[in-house]
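In what follows, a single structure is set out as structure tokens and then discussed.
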Amino acid sequence: MPLLFRTLTSRAAPALRGYTVCQRANIFTKPGKEKIGAVETIIGLGMFSLAILGPSGWILANLEDYKKRA
């Protein structure tokens with residue numbers, strides 16, 4: 001019985017999945033067109049850090065207010 005079930009599912013699975021899309025990664029091996037300076041790097045890393053750490057810092061700074069509400 002398990003062999004029959006396995007055979008049926010292996011033949012029905014491709015038909016049930018439908019059309020599959022082949023995905024390719026966009027990987028470039030050439031160097032960048034422009035050099036990125038130190039100031040642009042610092043600004044980029046600063047904004048990225050602010051986007052990640054800002055909301056959690058806000059929550060921790062206002063933790064006492066959140067405790068009073070609950």
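Numbers here simply count residues along the sequence, with the first being 1.
- Atom CG of Leu53 and atom CG of Leu60 lie 10.5 Å apart (nearest 0.5 Å).
- Nearest heavy-atom pair, Glu40 versus Lys35, reported as atom, atom and distance to 0.1 Å: OE1-O, 4.3 Å.
- Here the straight-line distance linking atom CG of Leu63 with atom NZ of Lys67 works out to 5.0 Å at 0.5 Å rounding.
- Cluster partners of Trp58 are Ile59, Tyr66, counting Ile, Leu, Val, Met, Phe, Trp and Tyr whose side-chain heavy atoms approach within less than 4.5 Å, directly or via other members.
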